[in-house]
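Single-structure report; data block below.
Letters A, B, ... mirror the listed sequences (proteins, then strands); counts begin at 1. Hydrogens, waters and symmetry mates are skipped; everything else that's a heavy atom, side chains included, is used. This structure is a prediction, so every number in the text was calculated from the model and none was measured.
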There are 2 protein chains.
Amino acid sequence: MFSKSCEYGLRATIFIGQQSHLGTKVSLTTISEAIDSPQAFTAKILQQLTKNNIVNSIKGPHGGFFIETEAMKTLNLSAIVEVLDGDSIYTGCGLGLKQCNDKKPCPLHFKFVAIREELKNMLQNTTLLMLVNDMELDIFHLKT
Amino acid sequence: MFSKSCEYGLRATIFIGQQSHLGTKVSLTTISEAIDSPQAFTAKILQQLTKNNIVNSIKGPHGGFFIETEAMKTLNLSAIVEVLDGDSIYTGCGLGLKQCNDKKPCPLHFKFVAIREELKNMLQNTTLLMLVNDMELDIFHLKT
DNA sequence: ATAATAAAAGATATCATTGTCTTTTATGTT
DNA sequence: AACATAAAAGACAATGATATCTTTTATTAT
Ligand code: FES
Ligand code: FES
């Protein structure tokens, strides 16, 4: 469904959000251990997320990654996915045709678009804050 | 969503089904032109589909690929996807956790599984014959 | 039998994704 | 100012997916 980059990026963002909610910034090492991801690769992903203002970062001692609580209210998963995987998941044809639209549809088009839209809506309607709040229930996990 | 192999495989199978419905076997060259796919790569995919009894093939002059009409009634898209992409699309965690289950869910689990199940149902409930019949409407396309 | 046709099989090549390693830049502490 | 910390940036490596090419096998037609 999503690329590895996107999977790690989503997990990392949720973890950063969770910790920021508790008032603490987190370092790359802490993140990659918390979400069980390859550290150097995760660094690259965090660079992209930082560049695209999904997360904030501060260099130097006591630096690290964080997200403002206010930003968590409006940040939805769709924004993260779009940064890391582009919008092909929202616009791409299920059968790989170059164009996907109602005018010249593939035989799976209408059935496929219905599900694609649900996925899109789910990602757009799910904010980081929702997931961070859910995480407080101690039911959900970010590794294995 | 699906791999290139799976996209080409689905398109190829639909085309073979369509032509078989008209009573004609089709060659690799005909298929790859009809669905606009790389020929040699498509050959490899058709080998997999043949080995897994999704399509039939006959070597030699007047040979080619075909599917029995009876088989089209029971062959659903899910079977094709499973041969070419495995079942990770049905069982994999949206955030990339090694296990996906209700016992130790990721924060996206329940929302994600809901959509994953819809996709699964759609693929299981859509038979090749349905798509082949739809193709007769001249509304749907298998390339560009 | 020979030649032609067409898929199967095997080997190899290309590319994007995934992943690592090293150097640089920014910031805080002593 | 010197040092330590931590992210940013750039170069490089490994892997798997995608794609091609060649050889073999099966079948049909002459
Ligand atoms: S054209 Fe294939 S999903 Fe829209
Ligand atoms: S555990 Fe993540 S989708 Fe099920």
Checklist entry - For the residue pair B/Phe41 and B/Tyr8, does the interplanar ring angle fall in the parallel (under 30°), tilted (30 to 60°) or perpendicular (over 60°) class? => result perpendicular
Checklist entry - Can A/Ser37 and A/Thr42 be counted as having a side-chain donor-acceptor contact under 3.5 angstrom? => result yes
Checklist entry - Would you say B/His21 and B/Leu129 make side-chain contact, with heavy atoms under 4.5 Å? => result yes
Item to check | Rounded distance in Å - NZ (B/Lys4) to C1' (D/dG16) | outcome: 16 Å
Checklist entry - Are B/Tyr8 and D/dA19 close enough that a side-chain N or O sits under 4.0 Å from OP1 or OP2? => result yes
Checklist entry - Is the count of non-hydrogen atoms from other residues, nucleotides or ligands lying under 6.0 Å from A/Gln39 atom CD greater than 12? => result yes
Next on the checklist: So, OP1 or OP2 of C/dA6: does either fall under 4.0 Å of a side-chain N or O from B/Ser57?
Outcome noted: no
Item to check | Value in whole Å for how far the P atom of D/dT27 lies from CG of B/Asn56 | outcome: 14 Å
Checklist entry - Mind checking whether B/Phe140 and A/Phe110 have parallel, tilted or perpendicular rings, split at 30° and 60°? => result perpendicular
Checklist entry - D/dT18 P sits how many Å from B/Leu84 CG, rounded? => result 10 Å
Checklist entry - What is the nucleic acid contact for A/Val26, judged by heavy atoms within less than 4.0 Å: base, sugar-phosphate only, or nothing? => result sugar-phosphate
Checklist entry - Rounded to whole angstroms, how far apart are CG on B/Leu28 and P on D/dT25? => result 20 Å
Item to check | Side-chain donor/acceptor of A/Lys59 to base of C/dT25, under 3.5 Å | outcome: yes
Checklist entry - Can you check whether A/Gly94's main-chain N or O pairs, donor with acceptor, with A/Arg116's side chain at less than 3.5 Å? => result no
Item to check | Residues within residues 34-54 of chain A bordering DNA chain D, heavy-atom distance below 4.0 Å | outcome: A/Lys44, A/Gln47, A/Thr50, A/Lys51
Checklist entry - Does any residue of residues 62-69 of chain A have a heavy atom under 4.0 Å from DNA chain D, and if so, which ones, in number order? => result A/Gly64, A/Phe65
Checklist entry - Counting only N and O atoms by type, is there a donor-acceptor contact under 3.5 Å from the side chain of A/Asn76 to the main-chain atoms of A/Ala79? => result yes
Checklist entry - Once you round it to whole Å, what is the distance between C1' of D/dA17 and CZ of B/Phe2? => result 17 Å
Next on the checklist: Main chain of B/Val81, side chain of B/Asp85: is a donor-acceptor contact present, judged purely on distance under 3.5 Å?
Outcome noted: no
Checklist entry - With a non-hydrogen cut-off below 4.0 angstrom, is A/Ser3 in contact with a base, only sugar-phosphate, or nothing? => result sugar-phosphate
Checklist entry - Which listed nucleotide (C/dA4, C/dA7, D/dA4) is nearest to the side chain of B/Pro61? => result C/dA4
Checklist entry - Reckon A/Ser5 touches a base, only the sugar-phosphate, or nothing at all at heavy-atom distances under 4.0 Å? => result sugar-phosphate
Next on the checklist: Grouping I, L, V, M, F, W and Y whenever their side-chain heavy atoms are under 4.5 Å apart, do B/Leu142 and B/Ile67 come out in a common cluster?
Outcome noted: yes
